[in-house]
J.: 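One structure, pasted below without further comment.
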Number of protein chains: 2
Amino acid sequence: MNDRYEHWQAAERLALTLIQGGLQRMAARTLAVFLFTDQESVTAGEIAGQLEASAGSVSGAIKSLLTVGLIERLPSPGSRREHYRLRDDAWATLFTGQNTVIQAMLQAAAAGIATTDEGDPAHQRLTQMHAFYDFLLGEIPALLHRWHQQTG
Amino acid sequence: MNDRYEHWQAAERLALTLIQGGLQRMAARTLAVFLFTDQESVTAGEIAGQLEASAGSVSGAIKSLLTVGLIERLPSPGSRREHYRLRDDAWATLFTGQNTVIQAMLQAAAAGIATTDEGDPAHQRLTQMHAFYDFLLGEIPALLHRWHQQTG
DNA sequence: CCGACTTTTCAGAAATTTCTGAAGAGTCGG
DNA sequence: CCGACTCTTCAGAAATTTCTGAAAAGTCGG
């Protein structure tokens, strides 16, 4: 029950939380490695070893983390292995990813509104839904601005 | 391709979006029914008919929607069937549900911080993560306040 | 270019999630 | 209380998601 074990434990717990937050299982575990490693950057092979997972599944996880912008590929200095690390604004990025969902909600609501008449209960409900997500979308830029100001 | 069909189409599309947003499949489809129905309230049986799903799965979906506070059970006036309807503040509630995730993230980060020493790269990364979610959690009350003010 | 090493791809396997159907529990009118 | 109807529970089936292992592709030093 040394430090190394505690790290592993905390990392796996965080991975579970990330899964709850919507990430895929292996992507979440991979992200946990990026958080808990003592190195500045890690390679796919190191992650696979750490997680006792196949190179294939790690490859897929890295791909998805790159796509959503949580990690970045580093210019590899004379090495065959690709190095990756957590991006500085990873958490803000993860949060911003909700925008996509919100916009989809807005679109879905709008589509529903278009198929109903102005007196319908359904019309009213969909309008309320639209109003909320419209509000939410509008608030996000200012919120992120406040965050960047607080840190910067 | 009449109105009824368009409704079904729009409802199913919205259900898919809700699934993306983290709801379970049947819960999402059920919520879509609550949105698109022309009635003030619906029964479990009506939902099952609408979705061509079993009573069992609808029962489970309603249970979970009740738990997260998206719908409410109405006092049934002299009927054996329970009536349900979408709650007024359903969308704000759905959004607030993210709080749980954020708090879990905070806890996970804190646990990680506790197992690392102050100079470690891991310590720094976990601290940044903690700072962001702490900020986020703090912003939510004011945000919801603005929303209620805007509508009220 | 070659050889050694690493990453990516992908078909099939494994695991997990989700749904169904039937039995049982609950509820209301009579 | 009884009978009719509705809702809930839960074990097993179905569907979906996720992982693995091996082959192929890519990359770098020499």
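Below, all heavy atoms of this structure are taken into account, side chains as well, without hydrogens, waters or symmetry copies. Just so it is clear: chains get the letters A, B, ... in the order the sequence lines come, proteins before strands, and each one is counted from 1.
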J.: More than 12 foreign heavy atoms under 6.0 Å from CD of A:Gln107: is that the case here?
T.: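 Check fails, neighbour count at 12 or below.
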J.: Just the rounded figure in Å: distance from P of C:dT27 to NE2 of B:His83.
T.: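 Value for this atom pair: 16 Å.
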J.: Given D:dC7, is OP1 or OP2 found less than 4.0 Å from the side-chain N or O atoms of B:Lys63?
T.: no
J.: Using nucleotides 17-20 of chain C, report all nitrogen or oxygen pairs with the protein that are shorter than 3.5 Å.
T.:
unit_1	atom_1	unit_2	atom_2	d
C:dT18	OP2	B:Gln24	NE2	3.0
C:dC19	OP1	B:Arg25	NE	3.2
C:dC19	OP1	B:Met26	N	3.4
C:dT20	OP2	B:Ser54	N	3.2
C:dT20	OP2	B:Ser54	OG	3.4
C:dT20	OP2	B:Ser57	OG	2.9

J.: Flag yes if A:Ile19 and A:Leu51 sit in one hydrophobic cluster, no otherwise; membership is Ile, Leu, Val, Met, Phe, Trp, Tyr, and two members link when side-chain heavy atoms are under 4.5 Å apart.
T.: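 Result: no, two separate clusters.
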J.: Should A:Leu94 and B:Ile140 be counted in the same cluster of Ile, Leu, Val, Met, Phe, Trp and Tyr side chains packed under 4.5 Å apart?
T.: yes
J.: Could you tell me whether the side chain of B:His7 and the main chain of A:Thr115 form a donor-acceptor pair under 3.5 Å?
T.: yes
J.: Shortest non-hydrogen contact from A:Pro121 to B:Asp38?
T.: CG-O, 3.2 Å
J.: When hydrophobic residues are tied together by side-chain contacts of less than 4.5 Å, even through go-betweens, does A:Val68 share a cluster with A:Ile102?
T.: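 Hydrophobic grouping puts A:Val68 with A:Ile102.
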J.: Would you say B:Ser54 and B:Ser57 are linked by a side-chain donor-acceptor pair, where the criterion is simply a distance under 3.5 Å?
T.: yes
J.: For A:Trp147 and B:Phe135, take the angle between the two ring planes, folded into 0 to 90°, and tell me which bin it lands in: parallel under 30, tilted 30 to 60, perpendicular over 60.
T.: tilted
J.: Can you give one letter per nucleotide of nucleotides 2-7 of chain C, 5' to 3': B if a protein heavy atom sits under 4.0 Å from the base, S if only from the sugar-phosphate, - if neither?
T.: --BSSS
J.: Rounding to 10 degrees, work out the angle separating the end axes of the helix from C:dC1-D:dG30 to C:dG30-D:dC1 (five pairs an end).
T.: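 For the helix from C:dC1-D:dG30 to C:dG30-D:dC1, the axes at opposite ends meet at about 40°.
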J.: Between C:dT16 atom C1' and A:Leu16 atom CG, what is the distance in whole Å?
T.: 14 Å
J.: Enter the distance from A:Leu74:CG to A:Glu82:CD here, rounded to the nearest 0.5 Å.
T.: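 CD of A:Glu82 is found 9.5 Å from CG of A:Leu74.
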J.: Give a yes or no on this: more than 12 heavy atoms of other residues, nucleotides or ligands lie within 6.0 Å of atom CD of A:Glu46.
T.: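 Yes, because the 6.0 Å sphere around CD of A:Glu46 holds more than 12 heavy atoms from other groups.
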